[in-house]
K.L.:
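Dropping the structure in here first, questions after.
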Amino acid sequence: MKKNNAITPRETDMSKWYSEICLKAELMSYSKVKGFIVYRPYGYAIWEQIQAFLDKEFKATGHQNVYMPLLIPQSLLEMEKEHVEGFAPECAVVTKGGDKELDSPLYIRPTSETLFCDHFKDILSSYRDLPIKYNQWCSVVRWEKTTRPFLRGSEFLWQEGHTLHRTADEAKEETLKMLKIYNKMGKDILAIPFVMGRKTDKEKFAGALETYTIEALMPDGQALQSGTSHYFGQGFAEHYGISYLDDDNVLKTPHQTSWGVSTRLIGSIIMEHGDDNGLVLPPYVAPTQVVLIPIRPADNPEVMKKLKDIKESLESKGIRVLLDDSNKSPGWKYAEYEMKGVPLRIDLGPKDIQQNHCMYARRFDGKKDFWSLDDDIAQNVIEELKQINKGMYNKALKYLLEHTVEVHSFEELKDVIENGKGYAKMMWCGDRSCEDEIKNKLNATARCIPFDQEPFDDKCPICGKKAKQVVLFARAY
RNA sequence: CGGGGCAUGGCGCAGUUUGGUAGCGCGCUUGGUUUGGGACCAAGAGGUCGAGGGUUCGAAUCUCUCUGCCCCGACCA
């Protein structure tokens, strides 16, 4: 049969493949303003699943949601030097209110550190107020020159956690705790194995003492920074005058963190799992987890009756299920739900009724098999979704391991980077100059200093000096 | 910000070279027949040809200006 809605194969053109999935799986639409997209229901629902998971984790670890204003006065943004230098060049600025020119411009938040700091100054007075653990769900605006749906937009949706602590240790612990929640999210619901690690000084957040990251590896060998967690120390607090009286009656400065993930995660899901038939969604973020396809229902009333029973029993177990009773042909439906990445499909037709079974097909590996209609189908589905998530994770993990290559020389590094072989795992002296050289010559950056440090050499292949740590280099989105 | 491409119904395109009053495929609506890997017939709806100016009796088509989008690079979640 003809494929009248096929997409460009990933091998042919990854960029084209990616944007066609975004559009044809109905995740988003382009808007009239460059870099700003419409999050369509199917795409937004993925974000809602991610939100639901994280919101629960945040609250379970004692965080509260708040909402800060959209606009930042210039004076407030300028209070932390590194921070303003990092962000001001990519800010959108409001210069008029109504028809009147403003005395001082207002910045649309590119991130909300400054707003949180200003507020913290007001509400913190005693050690009894600490810790303060806030999170915000919102969108931010950064005037990007090059934009791609989900991966890089001028506006994106995210969450940003901002916390204050009495001790440095407690703040550091918070920073790592939140990073681990992100990593858990990868394994549990995104089916993406992240590499956790610390950013080099060159790559860390503007104003942070330490930045930690979760990095995903995409099928073209490029890395995608998927979430960050920062330890600020007391820098911001000092600049913004945040202080409290401790139990020894001494005025002290709290220790601060911030951490965030964004709708970029949707982009990483698309690239990590997608194939030439379209999107492949991991089951626990899929807006529809199971689609039911009736075959020849018109002259076989048993078919719809049975499917409605199945639908009800799935719903009663909290499974997100869609019964497509439209009069499109089954073939059309197969292709459609493959494009949309629905993890599991169940077909039921007269032949199945006769044989007292139904057919199921898994999206990610195409496995097809039958379940007896006497089975507890809901229980089977629950188990199958679990296996799918595990299978997708393991597949991605295998790719990650196979594409993390130890390099001992510049030539080997070059080979890995230029041929899209993935992460170049390298022993590094720790000098900025070597990092810069790699950036200049190969356009690759230090993605992170992974937590798993297993030294395999004793000198830096760039300068030949003594190596201090293992670093992963890659080109990045 | 450089380099390339594009702008004609919801989507994909033809028409532009050589000016003559807008067409095709998909999708959509209605009715009917269908349904095990993108069904078929019939009848319909839908377009100030990205915006503005100019040339002309007449502009999707020639011309000028502007705007937007996509892709590839340099910078960033």
Side-chain angles (χ1 to χ4, degrees), chain A residues 1-8 13-20 22-24 26 29-37 86-91 110-111 139-160 182 199 203-206 211 213-216 223-230 258-268 277-278 293-300 303-304 324-339 345 347-355 358-359 361 366 368 439-440 443 445 447 475-477:
Chain A
M1 279 293 145
K2 68 181 174 204
K3 288 218 168 185
N4 50 20
N5 205 18
I7 55 172
T8 306
D13 186 338
M14 177 111 177
S15 291
K16 211 167 174 186
W17 169 86
Y18 177 83
S19 38
E20 285 178 4
C22 288
L23 292 167
K24 291 188 175 174
E26 299 180 352
S29 280
Y30 291 106
S31 79
K32 289 284 182 285
V33 184
K34 177 182 159 66
F36 291 76
I37 59 169
F87 282 104
E90 48 176 310
C91 280
T111 177
S139 75
V140 289
V141 170
R142 300 178 188 178
W143 216 255
E144 296 289 348
K145 286 165 182 159
T146 302
T147 63
R148 302 184 74 189
F150 303 118
L151 294 173
R152 170 160 291 104
S154 293
E155 180 191 23
F156 55 91
L157 310 184
W158 76 347
Q159 59 72 215
E160 46 179 324
Y182 292 153
K199 286 286 185 189
E203 298 291 328
K204 74 185 185 189
F205 180 83
T211 288
T213 178
I214 46 169
E215 299 281 326
L224 183 68
Q225 178 174 309
S226 301
T228 46
S229 186
H230 315 290
S258 91
W259 27 273
V261 296
S262 73
T263 38
R264 173 178 260 193
L265 290 173
I266 297 173
S268 68
N277 292 320
I293 310 289
I295 314 286
R296 298 177 56 110
D299 47 345
N300 300 281
V303 167
M304 282 311 286
D324 188 342
D325 57 1
S326 70
N327 66 352
K328 304 272 193 194
S329 73
W332 187 91
K333 290 175 187 175
Y334 299 157
E336 173 70 9
Y337 296 109
E338 274 161 21
M339 179 62 72
R345 189 184 89 216
D347 293 355
L348 188 74
K351 289 180 205 164
D352 300 308
I353 297 276
Q354 267 174 30
Q355 294 168 62
C358 61
M359 199 208 78
K368 290 180 184 175
K439 169 75 184 169
N440 292 337
N443 193 25
T445 48
R447 300 320 303 157
R475 287 185 180 154
Y477 276 92

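Just so we're on the same page: letters track the sequence lines, and every chain starts at 1.
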K.L.:
For the side chain of A/S329 and the base of B/G37, is some donor closer than 3.5 Å to an acceptor across the two?
P.N.:
no
K.L.:
If you pin A/T147 and A/L151 to their nearest nucleotides in RNA chain B, which one's is more 5'?
P.N.:
A/T147
K.L.:
Measuring from the side chain of A/R345 (C-beta onward, heavy atoms only), which nucleotide among B/G37, B/G36, B/C71 has the closest atom?
P.N.:
B/G37
K.L.:
Quick one: label A/N443 by what it contacts on the DNA or RNA (base, sugar-phosphate, nothing), any heavy atom closer than 4.0 Å.
P.N.:
sugar-phosphate
K.L.:
Using a cut-off of under 3.5 Å, enumerate the N/O to N/O pairs linking the protein to nucleotides 7-13 of chain B.
P.N.:
none

K.L.:
What's A/K351 touching, base or sugar-phosphate or nothing? Going by heavy atoms closer than 4.0 Å.
P.N.:
base
K.L.:
Anything under 3.5 Å between a protein N or O and an N or O of nucleotides 28-33 of chain B, put it in a table, one pair a line.
P.N.:
unit_1	atom_1	unit_2	atom_2	d
B/C28	OP1	A/K328	NZ	2.9

K.L.:
Reckon A/T228 touches a base, only the sugar-phosphate, or nothing at all at heavy-atom distances under 4.0 Å?
P.N.:
nothing
K.L.:
Output a table of donor-acceptor pairs, distance under 3.5 Å, between side-chain atoms of residues 153-160 of chain A and any protein atom two or more places apart or on a different chain; print 'none' if there are none.
P.N.:
unit_1	atom_1	unit_2	atom_2	d
A/E155	OE2	A/S139	OG	2.8
A/W158	NE1	A/E160	OE2	3.4
A/Q159	OE1	A/Y182	OH	2.5
A/Q159	OE1	A/V261	N	2.9
A/Q159	NE2	A/N135	OD1	2.8
A/E160	OE1	A/S112	N	2.9
A/E160	OE1	A/H162	NE2	2.8
A/E160	OE2	A/S112	OG	2.6
A/E160	OE2	A/Q136	NE2	3.0

K.L.:
Could you state the atom-to-atom distance from CG of A/L23 to C1' of B/C70 in whole Å?
P.N.:
11 Å
K.L.:
Map A/D347 and A/K204 onto RNA chain B by nearest heavy atom, then report which one ends up closer to the 5' terminus.
P.N.:
A/D347
K.L.:
Rounded to whole angstroms, how far apart are CD on A/E144 and C1' on B/C75?
P.N.:
8 Å
K.L.:
For A/A361, is there any backbone N or O sitting under 3.5 Å from a side-chain donor or acceptor partner on A/R345?
P.N.:
no
K.L.:
By the 4.0 Å heavy-atom rule, please label A/P89 as base, sugar-phosphate, or nothing.
P.N.:
nothing
K.L.:
Just checking A/K439: base, sugar-phosphate only, or nothing, at a heavy-atom cut-off of under 4.0 Å?
P.N.:
sugar-phosphate
